[in-house]
Amino acid sequence: MSDRTINQQPHTPHQPSHGQPHGRPHGGLDGEHTPHSHAHGSEPDDFAVQIADSVESFVLAVTEVAKGDEPGSAVSLLLLEVSQLLLAGGRLGAIEDVVPDDRFEPDAGPEPDGEQLRERLAALLAPIDVYHEVFDPYGPPEKPNAFRISDDLAGVVGELQHGLTHYREGRVSEALWWWQFSYLSNWGTTCSAVLRALQSLIAHVRLDSPLGAVPDGADTDDDGLTDEQLEQQAGDLMAAELGLKR
């Protein structure tokens with residue numbers, strides 16, 4: 001997964017967190033809800049249900065896309081799913097701090113292995129998997145870094161599944177706290193970058209603008225293809241998906 005995590009999280013994603021104290025993601029904004037607090041095993045309110053539905057829908061959709069049954073619609077579907085997830089993330093970011101029931105995060109069990117999902121996405125998106133992004137638009141000027149859509153999406157799915165485990169076991173406030181915190185510290189930034197990459201791909205094809213060559217030193221796994229061949233493959237993939245002739 002891309003290294004975009006802000007150094008304020010209580011424990012790193014994708015690692016067991018038993019016995020770790022909760023952090024607080026932010027001071028709160030004037031949002032659509034007051035701080036959430038659910039007793040263990042209590043029924044989730046409408047907000048929690050909507051966020052959980054959005055999270056689960058994203059996880060299921062990305063998993064289905066990664067199977068490669070409909071490669072011609074992969075980019076369009078991912079664009080829609082990432083956009084919808086960011087809407088849920090925006091709602092989480094706009095509310096005040098979610099207050100978990102316990103001081104320490106309960107052990108959610110072993111983290112799911114996302115390697116198979118990552119590999120399937122990488123194979124599906126091979127010509128267009130690598131993109132370039134500047135991490136912090138408010139930070140000091142820096143050179144763009146190379147990332148992979150497949151790495152990013154697999155990492156986001158893993159983070160969301162961590163919260164789903166809490167939610168399905170009745171720890172509603174814990175799930176909301178985790179989704180809010182991880183949105184602010186990691187997957188919100190990651191999804192925003194992926195969304196820009198996917199939107200850029202579609203814009204290049206719709207506006208008949210050639211994709212730029214991969215810069216020297218980019219991590220493309222040395223697949224033996226020239227920059228021109230990578231560009232041609234990416235353009236062909238997008239043109240076929242959008243029903244355009246090249």
Side-chain angles (χ1 to χ4, degrees), residues 1-2 4-6 9 13 24-36 38 44-66 70 73-100 114 117 121 125 131 133-138 147 149-168 172-203 206 241-242:
M1 188 183 71
S2 303
R4 294 191 181 87
T5 306
I6 298 174
Q9 58 187 34
R24 287 295 176 267
H26 63 119
L29 301 173
D30 292 332
E32 53 184 302
H33 289 272
T34 56
H36 283 74
H38 295 82
D45 59 19
D46 289 343
F47 178 80
V49 170
Q50 291 165 11
I51 296 298
D53 285 348
S54 296
V55 166
E56 187 165 25
S57 175
F58 179 83
V59 171
L60 291 174
V62 172
T63 302
E64 286 299 312
V65 169
E70 298 183 14
S73 60
V75 173
S76 294
L77 288 174
L78 290 175
L79 178 70
L80 290 172
E81 292 300 328
V82 173
S83 298
Q84 291 172 359
L85 180 64
L86 281 172
L87 174 59
R91 297 181 68 190
L92 287 166
I95 65 172
E96 296 179 5
D97 292 355
V98 175
V99 181
L117 177 63
L121 287 170
L125 302 172
Y131 70 100
E133 174 71 8
V134 175
F135 170 49
D136 187 356
Y138 288 102
F147 298 99
I149 296 175
S150 56
D151 289 345
D152 289 346
L153 291 179
V156 170
V157 166
E159 290 191 347
L160 296 177
Q161 286 177 322
H162 183 90
L164 275 176
T165 299
H166 287 308
Y167 185 82
R168 290 166 178 166
V172 179
S173 65
E174 192 68 46
L176 287 174
W177 172 84
W178 172 257
W179 287 327
Q180 183 187 59
F181 179 81
S182 57
Y183 165 74
L184 293 167
S185 63
N186 194 34
W187 67 260
T189 303
T190 300
C191 283
S192 296
V194 170
L195 181 64
R196 286 192 291 274
L198 295 172
Q199 189 275 337
S200 178
L201 285 169
I202 292 179
R206 290 284 177 87
E241 176 172 331
L242 298 173

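In this text, all values refer to a predicted model and were calculated from it rather than measured experimentally.
- In this structure, the side chains of W187 and V194 stay at 4.5 Å or more apart for every pair of heavy atoms.
- Aromatic ring centroids of H162 and W178 lie under 6.0 Å apart.
- Taking the six-membered ring for Trp and thresholds of 30 and 60 degrees, F181 and W177 have nearly parallel ring planes, at less than 30 degrees apart.
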**Study point:** Pair D152-Y131, side-chain contact (heavy atoms from CB on, under 4.5 Å): steps then yes or no
**Key:** CA-CA 11 Å; D152 289 346; Y131 70 100; 2.4 Å; yes
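- Of all the heavy atoms in P100 and E174, the pair that sits closest is CB-OE1, 3.8 Å.
- Contact between A154 and L121 at its shortest, heavy atoms only, is N-CD1, 4.4 Å.
- Scanning both residues, A48 and P44, for their nearest heavy atoms gives CB-CB, 3.8 Å.
- Considering only heavy atoms from C-beta on, D53 comes within 4.5 Å of V49 through its side chain.
- In this structure, the side chains of S173 and V99 stay at 4.5 Å or more apart for every pair of heavy atoms.
- For the pair I95/F47, a side-chain contact is recorded, criterion being any heavy-atom separation below 4.5 Å from C-beta on.
- Going from atom CG of L198 over to atom CD of E81 covers 11.5 Å, rounded to the nearest 0.5 Å.
- Annotation: side chain of L78 is in contact with side chain of L125 (closest heavy-atom distance under 4.5 Å).
- Here the shortest heavy-atom pairing between L86 and C191 reads CD2-CB, 3.6 Å.
- Expressed to the nearest 0.5 Å, how far CD of E133 lies from OG of S192 amounts to 8.5 Å.
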Practice item. For side-chain contact (heavy atoms from CB on, under 4.5 Å), just list the numbers for V156 and V62, CA-CA rounded to whole Å, side-chain angles, deciding distance to a tenth of an Å, and then say yes or no. Key: CA-CA 10 Å; V156 170; V62 172; over 6 Å; no
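- For Q84, the CD atom is densely surrounded, since the number of other residues' heavy atoms within 6.0 Å is greater than 12.
- Here the side chains of L160 and L164 are not in contact, with every heavy-atom distance at 4.5 Å or above.
- Between L153 and L117, the closest side-chain pair of non-hydrogen atoms is not below 4.5 Å.
- Counting only heavy atoms from C-beta outward, the side chains of L79 and L201 never approach each other to under 4.5 Å.
- For the atom pair Y183 OH and L85 CG, the distance stands at 9.5 Å (nearest 0.5 Å).
- Of all non-hydrogen atoms in Q161 and V59, the two that sit nearest each other are NE2-CG1, 3.8 Å.
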Practice item. Take I51 and Y167, measure what side-chain contact (heavy atoms from CB on, under 4.5 Å) needs, and give me the verdict at the end. Key: CA-CA 11 Å; I51 296 298; Y167 185 82; over 6 Å; no
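- Taking all atoms of both residues into account, the shortest heavy-atom contact from G163 to A175 is O-CB, 3.3 Å.
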